[in-house]
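Have a look at the structure below, then the notes.
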Amino acid sequence: MIKGVIFDLDGTLLDTLPDLGAAMNRMLMQLCYPVRSQEQHQSAICYGAREFARRSLPESKRDEKTVSCALAAYRTYYTAACTEGTRPYEGIAELLAKLCARGIPVAVYSNKPMPQTRQVVAHYFGNIPFAAVIGHLEGTPTKPDPTVALSIARQMGFSPSEIAFVGDSDVDMQTARRAGMLPVGVLWGYRDKDTLASGGALAFAETAEKLFEILS
């Protein structure tokens, strides 16, 4: 029986790709590098902002100094415009409300930096009483390391086996498996079903309604 749910953010609760891609392209233009397509941006996300910036740069320009410069510019652009094109996926707001109404605590855990994670969650889901909203802080591990997911489980007061970890990437599924949680993959996000399965997904949801059935 699922007693708590941890959600990934980008590609799971929110379609953030339009704003992520726009901010990255503004950074690339600032540094006089070629801009990238949305498909290229989609393939580069899920690993944290620094890795997103690194993968977006030309291969010959991925030294640490250039990556740090690119990351700083990207963060500035994204923070200023992270709610312009982003939208919740269909049925997600209702799903979160129904879980809360059933007394099932929900949390968000993202590899997106902490300030932007909390900014977009507050903007789109300000009425949801999340048990935790956690993004990445410098010096702390990112997914698929299970440390943060296990900390959220302790905060909820449940054992990991009583928690579902919901995400759209193999990284999310690996996090769930390493934490001893149920890995649930959503099929509306940024990775396909085969990728989710390779990460260890044990359940798949095509819609928010199907996800609610799995979680309840």
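Numbers here simply count residues along the sequence, with the first being 1.
- When side chains are defined from C-beta on, Met114 counts as touching Arg118, because their heavy atoms get closer than 4.5 Å.
- The shortest heavy-atom contact between Ala153 and Met181 is CB-CE, 3.9 Å.
- Applying the ring-ring contact (aromatic ring centres under 6.0 Å, His included) rule to pairs touching residues 25-72 yields His41-Phe52, Phe52-Tyr74, sequence neighbours excluded.
- Every residue two or more places apart in sequence or in another chain that forms a side chain to side chain contact (heavy atoms under 4.5 Å, CB included) with Pro144 is listed here: Val171, Gln174, Thr175, Arg178.
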Pair Thr16-Cys82, side chain to side chain contact (heavy atoms under 4.5 Å, CB included): steps then yes or no: CA-CA 8 Å; Thr16 55; Cys82 62; over 6 Å; no
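- With sequence neighbours left out, the side chain to side chain contact (heavy atoms under 4.5 Å, CB included) criterion links Gln40 to Arg36, Ser37.
- Between Leu150 and Pro160, the shortest heavy-atom contact is CD2-CG, 3.6 Å.
- Partners of Arg50 by salt bridge (Lys or Arg N to Asp or Glu O under 4.0 Å), not counting sequence neighbours, listed by chain and number: Glu64.
- Nearest heavy atom pair, residue Pro105 against residue Met156, reads O-CE, 3.7 Å.
- With sequence neighbours excluded, no residue satisfies salt bridge (Lys or Arg N to Asp or Glu O under 4.0 Å) with Glu206.
- When the options Lys112, Arg26, Gln119 are evaluated for a side chain to side chain donor-acceptor pair (under 3.5 Å) with Tyr78, the one that passes is Lys112.
- Atoms CG and OG1, on Asp172 and Thr12 in that order, are 5.5 Å from each other to the nearest 0.5 Å.
- Screening residues 158-167 for side-chain hydrogen bond (donor to acceptor under 3.5 Å, both in side chains), with sequence neighbours left out, gives Lys3-Glu162, Ser159-Ser161, Ser159-Glu162.
- The list of salt bridge (Lys or Arg N to Asp or Glu O under 4.0 Å) pairs with a residue in residues 124-134, not counting sequence neighbours, is empty.
- Residue pairs meeting the side-chain hydrogen bond (donor to acceptor under 3.5 Å, both in side chains) criterion with at least one partner in residues 85-109, sequence neighbours excluded, are Asp19-Thr86.
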Which is it for Thr79 and Gln116 under the side chain to side chain donor-acceptor pair (under 3.5 Å) test, yes or no, and what are the steps along the way? CA-CA 6 Å; Thr79 300; Gln116 291 81 19; 2.5 Å; yes
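- Here the CG-CG distance, from Leu57 to Leu31, works out to 7.0 Å after rounding to the nearest 0.5 Å.
- Taking CG from Leu215 and CD1 from Ile104, the interatomic distance works out to 7.0 Å, rounded to the nearest 0.5 Å.
- Taking the side chain as every heavy atom from C-beta outward, Phe165 and Pro183 never approach each other to under 4.5 Å.
- Every side chain to side chain contact (heavy atoms under 4.5 Å, CB included) that Ser151 has, sequence neighbours left out, goes to Arg154.
- Listed by chain and residue number, Lys143 satisfy the salt bridge (Lys or Arg N to Asp or Glu O under 4.0 Å) test with Asp8 (two or more places apart in sequence, or in another chain).
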Expected list for residues 127-138: side-chain donor-acceptor pairs under 3.5 angstrom, two or more places apart:
unit_1 : atom_1 : unit_2 : atom_2 : d
His136 : NE2    : Thr140 : O      : 2.9
Glu138 : OE2    : Arg75  : NH2    : 3.1

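- For the atom pair CE (Met27) and CG (Leu71), the distance works out to 8.5 Å, reported to the nearest 0.5 Å.
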Between Val5 and Ile163, does a side chain to side chain contact (heavy atoms under 4.5 Å, CB included) hold up when you go through it step by step? CA-CA 5 Å; Val5 185; Ile163 294 176; 5.9 Å; no
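- Residue pairs satisfying the side-chain hydrogen bond (donor to acceptor under 3.5 Å, both in side chains) criterion with at least one member in residues 187-205, sequence neighbours excluded, are listed as follows: Asp15-Tyr190, Asp192-Thr195.
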Check the pair Asp170, Leu196 against side chain to side chain contact (heavy atoms under 4.5 Å, CB included), reporting the backbone distance first and the verdict last. CA-CA 5 Å; Asp170 51 330; Leu196 289 165; 5.9 Å; no
